[in-house]
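Just so you know, these numbers use all the heavy atoms, side chains as well, and skip hydrogens, waters and symmetry mates.
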Amino acid sequence: MRIVALTTLAIAATLFAPAAADDRKWLPLAKDGIHDPASPALRLKQEPAEALSKLPRDTAGNLVNWVKALDSGAIAPRTNILPETNVRVRDDEIIVSKFGSLPAVVFPHRPHTLWLDCSNCHEKLFVSKAGANRFSMQKILDGEQCGVCHGAVAFPLTECNRCHSLPNEVLMRRMRK
Ligand code: HEC
Ligand code: HEC
Ligand code: HEC
């Protein structure tokens, strides 16, 4: 079952591979199928192309690399509304999958905690203990685990190497030390 599913996945990845960034355009609001083209309010809104084209480019999703946008200072979203909110950032990286057919999966806390609160993930979605969760690519593709956000509000699942980012040889070398 698992092998069949993962083969399908590899094929899906080829089929849905994103076109190069420059081949794609942000749709005007009047043509995006979401906004009413007849609405007079449309003139008051900023067009996505005008806003997003100024941000660091990506090759997938909405074509903005949001991690770079934040790190470079291109955007500076407000971290909290209430002054008493405790904003927490965590810096460690956790290898959540080792020795598969693909490079190992590294989960970095930093880019996540710059956008999210710990409670978005802990303890319901993931137990906060390295190795305590059983991840599955199939579940992720079904919109669970990492797939709750990736493919929905964060970079899409077609970007395999952004999660599968640690080559097995490098991992082996690190473990021998
Ligand atoms: C959002 C992060 C993320 C993305 C993007 C992602 N994966 Fe995964 N993948 C994981 C995690 C976490 C696991 C660990 C679960 C496991 O070991 O079964 C995994 C496991 C796997 C496995 C089984 C273990 C292995 O390494 O052989 C395969 C195969 C796989 N992914 C293929 C892909 C392919 C192909 C893509 C791109 C189309 C992809 N993944 C994109 C997070 C991701
Ligand atoms: C986007 C989801 C997400 C967010 C947000 C998040 N974490 Fe995690 N956290 C994870 C994942 C995934 C793991 C790895 C679990 C595993 O290996 O099974 C983890 C692991 C941990 C661990 C275990 C580390 C270890 O070495 O055993 C701790 C502690 C932790 N998180 C605390 C936090 C705190 C504190 C915050 C907020 C500052 C936070 N996390 C925010 C997903 C998240
Ligand atoms: C609660 C939502 C959420 C969950 C769950 C989640 N992520 Fe993310 N992830 C984000 C957001 C938001 C970003 C930053 C925006 C972006 O890159 O699209 C991000 C960024 C990342 C990045 C950084 C890429 C870079 O450019 O530096 C990696 C790697 C990543 N996620 C892997 C994972 C893996 C692996 C899991 C599952 C173990 C996971 N994420 C679960 C929301 C989530």
Side-chain angles (χ1 to χ4, degrees), residues 18 21 24-98 104-137 139-166 174:
R24 293 212 341 220
K25 294 252 162 14
W26 291 283
L27 289 176
L29 294 175
K31 291 189 177 159
D32 66 3
I34 298 166
H35 295 86
D36 175 5
S39 166
L42 228 52
R43 276 182 290 117
L44 303 172
K45 293 191 164 155
Q46 189 180 31
E47 287 293 339
E50 194 202 330
L52 301 182
S53 62
K54 298 195 174 72
L55 298 175
R57 271 302 181 96
D58 204 345
T59 48
N62 58 11
L63 307 182
V64 174
N65 186 319
W66 293 102
V67 173
K68 275 194 196 145
L70 197 60
D71 276 344
S72 67
I75 56 169
R78 206 194 279 198
T79 53
N80 50 307
I81 297 170
L82 304 173
E84 62 271 24
T85 304
N86 179 15
V87 179
R88 290 169 292 177
V89 176
R90 209 181 142 88
D91 266 326
D92 59 339
E93 298 194 336
I94 301 170
I95 301 169
V96 294
S97 150
K98 293 175 189 163
V105 177
V106 179
F107 174 84
H109 264 116
R110 191 182 143 76
H112 288 96
T113 49
L114 286 175
W115 294 99
L116 301 158
D117 186 62
C118 318
S119 64
N120 288 128
C121 292
H122 299 308
E123 300 294 321
K124 276 208 182 121
L125 193 51
F126 305 120
V127 178
S128 59
K129 185 164 183 288
N133 301 270
R134 288 217 13 119
F135 293 99
S136 136
M137 193 64 221
K139 284 198 181 147
I140 295 170
L141 286 163
D142 289 342
E144 295 170 43
Q145 302 183 338
C146 320
V148 168
C149 301
H150 288 281
V153 296
F155 69 77
L157 296 172
T158 45
E159 304 307 285
C160 319
N161 57 4
R162 251 185 244 183
C163 290
H164 292 272
S165 62
L166 183 66
R174 271 199 214 169

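Contacts of Asp142 classified as salt bridge (Lys or Arg N to Asp or Glu O under 4.0 Å), with partners at least two apart in sequence or in another chain: none. Residues satisfying the side chain to side chain donor-acceptor pair (under 3.5 Å) criterion with Ser128, sequence neighbours excluded, are Glu123. Remark: Thr79 engages no residue in a side chain to side chain donor-acceptor pair (under 3.5 Å) (not counting sequence neighbours). Take Arg78 and apply the side-chain contact (heavy atoms from CB on, under 4.5 Å) test, not counting sequence neighbours, and it matches no residue. By the ring-ring contact (aromatic ring centres under 6.0 Å, His included) test, Phe126 is found to be paired with Phe135, residues two or more places apart in sequence or in another chain being considered. Every residue two or more places apart in sequence or in another chain was checked for a side-chain contact (heavy atoms from CB on, under 4.5 Å) with Asn161, and none qualifies. Lys129 meets the side-chain contact (heavy atoms from CB on, under 4.5 Å) test with Val127, Ala132; sequence neighbours excluded. In this structure His150 satisfies the ring-ring contact (aromatic ring centres under 6.0 Å, His included) test together with Phe155, sequence neighbours excluded. Residues meeting the side chain to side chain donor-acceptor pair (under 3.5 Å) test with Asp91, sequence neighbours left out: none.
When side chains are defined from C-beta on, Met137 does not count as touching Gln145, because their heavy atoms never get closer than 4.5 Å. Val105 places none of its side-chain heavy atoms less than 4.5 Å from the side chain of Ile95. Between Leu157 and Ile140, the closest side-chain pair of non-hydrogen atoms falls below 4.5 Å. With a 4.5 Å cut-off on side-chain heavy atoms, Arg174 and Leu166 count as touching. The side-chain heavy atoms of Cys146 and Cys163, taken from C-beta on, include no pair separated by under 4.5 Å. Looking only at side-chain heavy atoms (C-beta outward), Val89 and Leu114 come within less than 4.5 Å of each other.
For Leu82, the CG atom counts as densely surrounded, since its 6.0 Å shell holds more than 12 non-hydrogen atoms of other residues, nucleotides or ligands. Within a 6.0 Å sphere centred on NZ of Lys54, other residues, nucleotides and ligands contribute more than 12 heavy atoms.
Screening residues 61-76 for salt bridge (Lys or Arg N to Asp or Glu O under 4.0 Å), with sequence neighbours left out, gives Asp71-Arg110. Annotation: salt bridge (Lys or Arg N to Asp or Glu O under 4.0 Å) contacts involving residues 143-153, sequence neighbours excluded, are absent.
Within the 3.5 Å criterion, the main-chain N or O of Leu27 finds no donor-acceptor partner in the side chain of Glu47. Of the possible polar contacts, one joining the Thr113 side chain to the Arg90 backbone as a donor-acceptor pair under 3.5 Å is found.
We find the CD-OG distance between Glu159 and Ser165 to be 13.0 Å, quoted to the nearest 0.5 Å. Atom CG of Leu125 and atom OG of Ser119 lie 11.0 Å apart (nearest 0.5 Å). Taking CG of Leu70 as the reference point, atom CD1 of Ile75 lies at 5.0 Å (rounded to 0.5 Å). Distance CG/Asn62 to CG/Leu55: 9.5 Å, rounded to 0.5 Å.
Smallest separation of non-hydrogen atoms from Trp26 and Ala49: CE3-CA, 3.8 Å. Summarising the geometry of Asp117 relative to Asn86, their closest heavy-atom pair is OD1-O, 4.4 Å, with the distance given to 0.1 Å. Minimum heavy-atom separation, Gly61 to Pro156: N-CG, 3.7 Å.
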| After noting the C-alpha distance and the side-chain angles of Ile94 and His109, does the key distance pass the side chain to side chain contact (heavy atoms under 4.5 Å, CB included) rule? | CA-CA 8 Å; Ile94 301 170; His109 264 116; 3.8 Å; yes

| task | In sequence, state the C-alpha distance, the side-chain angles, and the governing distance for Val106 and Arg162, and then conclude on side chain to side chain contact (heavy atoms under 4.5 Å, CB included). | result | CA-CA 9 Å; Val106 179; Arg162 251 185 244 183; over 6 Å; no

| task | Report the C-alpha separation of Arg88 and Cys118 in whole Å, then their side-chain angles, then the decisive distance to 0.1 Å, and conclude whether the side chain to side chain contact (heavy atoms under 4.5 Å, CB included) test is met. | result | CA-CA 8 Å; Arg88 290 169 292 177; Cys118 318; 3.5 Å; yes

Donor-acceptor list for residues 35-45 side chains, cut-off 3.5 Å, not counting sequence neighbours:
unit_1, atom_1, unit_2, atom_2, d
His35, ND1, Asp32, OD1, 3.4
His35, ND1, Asp32, OD2, 2.7
Asp36, OD1, Ala38, N, 2.9
Ser39, OG, Ala41, N, 3.1

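Aromatic ring orientation, Trp115 versus Trp66: perpendicular (interplanar angle above 60°, classes split at 30° and 60°).
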